[in-house]
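Heads up, the thing below is written out as structure tokens.
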Number of protein chains: 2
Amino acid sequence: MTTTRGPTRDDATARRLLEAAGPVFAERGYRDATVREICAAAGANIAAVSYYYGDKFGLYRAVLREAHGEVRRRHMSGVPGDAKPEVQLRAWVEGFLRKLLDPERPQWLPRLMMREMVEPTAALDEVIEESIRPQFDQLAGIIGALTGRAKAGRWVREEAVAVAGQCLIFRHCPVVLDRMLGVKMTTAAQIDELADAVSARVLRGLEPERGVRPARPKAGAKAVARGGQKRGGVRS
Amino acid sequence: MTTTRGPTRDDATARRLLEAAGPVFAERGYRDATVREICAAAGANIAAVSYYYGDKFGLYRAVLREAHGEVRRRHMSGVPGDAKPEVQLRAWVEGFLRKLLDPERPQWLPRLMMREMVEPTAALDEVIEESIRPQFDQLAGIIGALTGRAKAGRWVREEAVAVAGQCLIFRHCPVVLDRMLGVKMTTAAQIDELADAVSARVLRGLEPERGVRPARPKAGAKAVARGGQKRGGVRS
DNA sequence: ACGTGTATAAAACACTCGTTTGAATGACGA
DNA sequence: TCGTCATTCAAACGAGTGTTTTATACACGT
């Protein structure tokens with residue numbers, strides 16, 4: 001137990017390891033990150049990882065666990081719960097994009113989560129339940145409020161995926177987008193413009209659904225909501 | 001030279017290596033893929049990689065080069081160039097989604113390109129120019145035709161990014177989406193529905209721009225096109 | 001039949017990785 | 001002062017990596 005003792009400088013190295021490991025894991029990926037590099041960055045000995053976290057993966061999970069709190073705490077706030085749904089959507093998109101792209105925030109955090117999504121490890125479940133799902137449900141709630149549809153329904157969740165996809169692509173393949181757009185999306189002003197464009201586009205995409213359906217008060221709401229006109233394609 | 005000789009069975013192993021390496025690189029990633037596993041899958045000796053391709057990265061680049069032709073050839077066709085822009089968009093989206101998700105096609109190919117986009121290697125440039133940009137430009141052309149804006153302009157390209165983002169997320173983090181939507185997007189019918197949903201959503205998002213701007217014949221078109229109403233957000 | 005050069009094979013090489021070992025350090029209580 | 005125990009450290013271990021080496025098998029022109 002490292003915590004039974006008093007506030008000696010003992011756990012200082014454990015913390016230094018934790019904080020040094022985040023950027024390294026994010027930069028190189030779990031597999032390519034070496035404990036030697038992490039320990040060097042933390043100013044600790046190689047054996048410290050095994051000593052404090054059992055093994056490399058234990059350190060990795062500790063980093064993710066630490067990150068969840070940060071991510072969720074920062075984002076869930078910032079979306080005014082009592083504002084109009086349109087304003088909430090704009091706030092959600094901007095908060096999400098800032099978290100993904102803002103250079104004034106620690107870049108390694110969303111980068112680490114991206115790696116976990118693209119190439120899952122055994123720690124993915126925790127990431128989903130602790131960090132992704134809450135934010136996703138929040139977005140689904142906003143879209144549900146915008147359209148009057150059930151936020152747990154398939155239609156709303158697919159729309160939410162579309163919104164997330166438009167944002168995540170900027171984190172998933174920034175190099176490619178730089179080449180396609182000719183601009184890096186980094187400065188706060190650019191992120192703001194991007195949030196404008198995305199939320200406006202999403203609102204337009206939701207337009208035929210907004211208001212046309214009166215928000216049902218209570219019972220049978222789900223059945224009515226899902227009974228709307230079928231999702232229509234271009235063809236036929 | 002292996003090709004100067006007649007059609008002996010010599011270069012057969014080189015081809016077997018090439019074909020075996022694709023799935024392995026896609027599954028494990030460049031770094032985690034081992035030449036031993038590739039050679040075992042190809043039924044070749046360990047030294048064959050060095051012998052035919054110089055080193056591991058040479059084999060990797062050969063795989064990518066071989067893949068470009070396939071990808072581009074398959075996709076660029078399939079979008080009828082003389083149809084209405086709406087139909088072209090629907091065809092582009094479906095073709096893109098099929099390439100990304102259709103289980104009846106070799107899964108390793110888009111998976112490999114995804115890895116290259118998310119975690120670029122020295123081979124990224126070639127991938128962009130040979131495979132990504134042509135498809136992206138095609139999409140931008142369709143959106144330009146839909147809105148009457150310059151397809152090389154910033155606005156059109158950002159819209160194209162949004163379309164690509166809605167599709168790519170299904171390939172970038174399928175595990176997360178399975179959990180969020182409760183369904184795997186794999187069967188041909190599901191891909192078809194998805195293509196309907198995406199293209200319809202995109203068309204709605206483009207709605208205020210369609211038709212309102214008469215397609216300028218020739219000169220000064222770009223200046224006029226970019227002089228339209230500013231991209232408006234929710235706020236203010 | 002012989003020499004030549006290509007293709008395959010097994011083994012080894014040099015290196016890096018995560019992890020473990022065993023000793024040294026230093027603070028703290030008895 | 002001594003013993004205890006958590007902590008740190010350098011060194012090494014064993015497994016796995018890409019690559020090279022050395023030797024063998026075989027087809028071909030002469």
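Chain identifiers are assigned alphabetically (A, B, ...) following the order of the sequence lines, protein sequences preceding nucleic acid strands; residue numbering begins at 1 within each chain. For the numbers below, each heavy atom of this structure counts, side chains included, while hydrogens, waters and symmetry mates do not.
Applying the salt bridge (Lys or Arg N to Asp or Glu O under 4.0 Å) rule to A/Glu27 yields no partners; only residues at least two apart in sequence or on another chain are considered. Residues passing the side chain to side chain donor-acceptor pair (under 3.5 Å) test with A/Asp55: none are found, sequence neighbours excluded. Partners of A/Arg31 under the salt bridge (Lys or Arg N to Asp or Glu O under 4.0 Å) rule, at least two apart in sequence or in another chain, are B/Asp32. A/Arg98 is linked by a salt bridge (Lys or Arg N to Asp or Glu O under 4.0 Å) to A/Glu94, A/Asp102, counting only residues two or more places apart in sequence or in another chain.
Within a heavy-atom distance below 4.0 Å of DNA chain C, no residue of residues 20-28 of chain A is found.
Pairs of residues two or more places apart, or lying in two chains, that qualify as side chain to side chain donor-acceptor pair (under 3.5 Å) and include a residue from residues 33-49 of chain B are B/Arg28-B/Glu37. Note on residues 160-196 of chain A: pairs passing ring-ring contact (aromatic ring centres under 6.0 Å, His included), not counting sequence neighbours, are A/His172-B/His172. Residue pairs meeting the ring-ring contact (aromatic ring centres under 6.0 Å, His included) criterion with at least one member in residues 110-146 of chain B, sequence neighbours excluded, do not occur.
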Show the distances under 3.5 angstrom between N or O atoms of the protein and N or O atoms of nucleotides 19-24 of chain D.
unit_1: D/dT19; atom_1: OP2; unit_2: B/Lys56; atom_2: N; d: 2.8
unit_1: D/dT20; atom_1: OP2; unit_2: B/Ser50; atom_2: OG; d: 3.3

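For C/dA7, neither phosphate oxygen OP1 nor OP2 lies less than 4.0 angstrom from any side-chain nitrogen or oxygen of B/Thr13. Using a 4.0 Å cut-off, some side-chain N or O of B/Tyr52 falls inside it from OP1 or OP2 of C/dT8. Regarding contacts with the backbone of D/dA6, every side-chain N or O of A/Tyr51 stays at 4.0 angstrom or more from both OP1 and OP2.
The distance from atom CZ of B/Arg16 to atom P of C/dA7 is 13 Å, rounded to the nearest whole Å. Rounded to a whole Å, the OH atom of B/Tyr53 is 16 Å from the C1' atom of C/dT8.
Checked by atom type and distance alone, the side chain of B/Glu126 never pairs as donor or acceptor with a backbone atom of B/Ala123 at under 3.5 Å.
Of the candidates C/dT8, D/dG18, C/dG18, C/dG18 carries the atom nearest the A/Thr34 side chain, counting heavy atoms from C-beta on.
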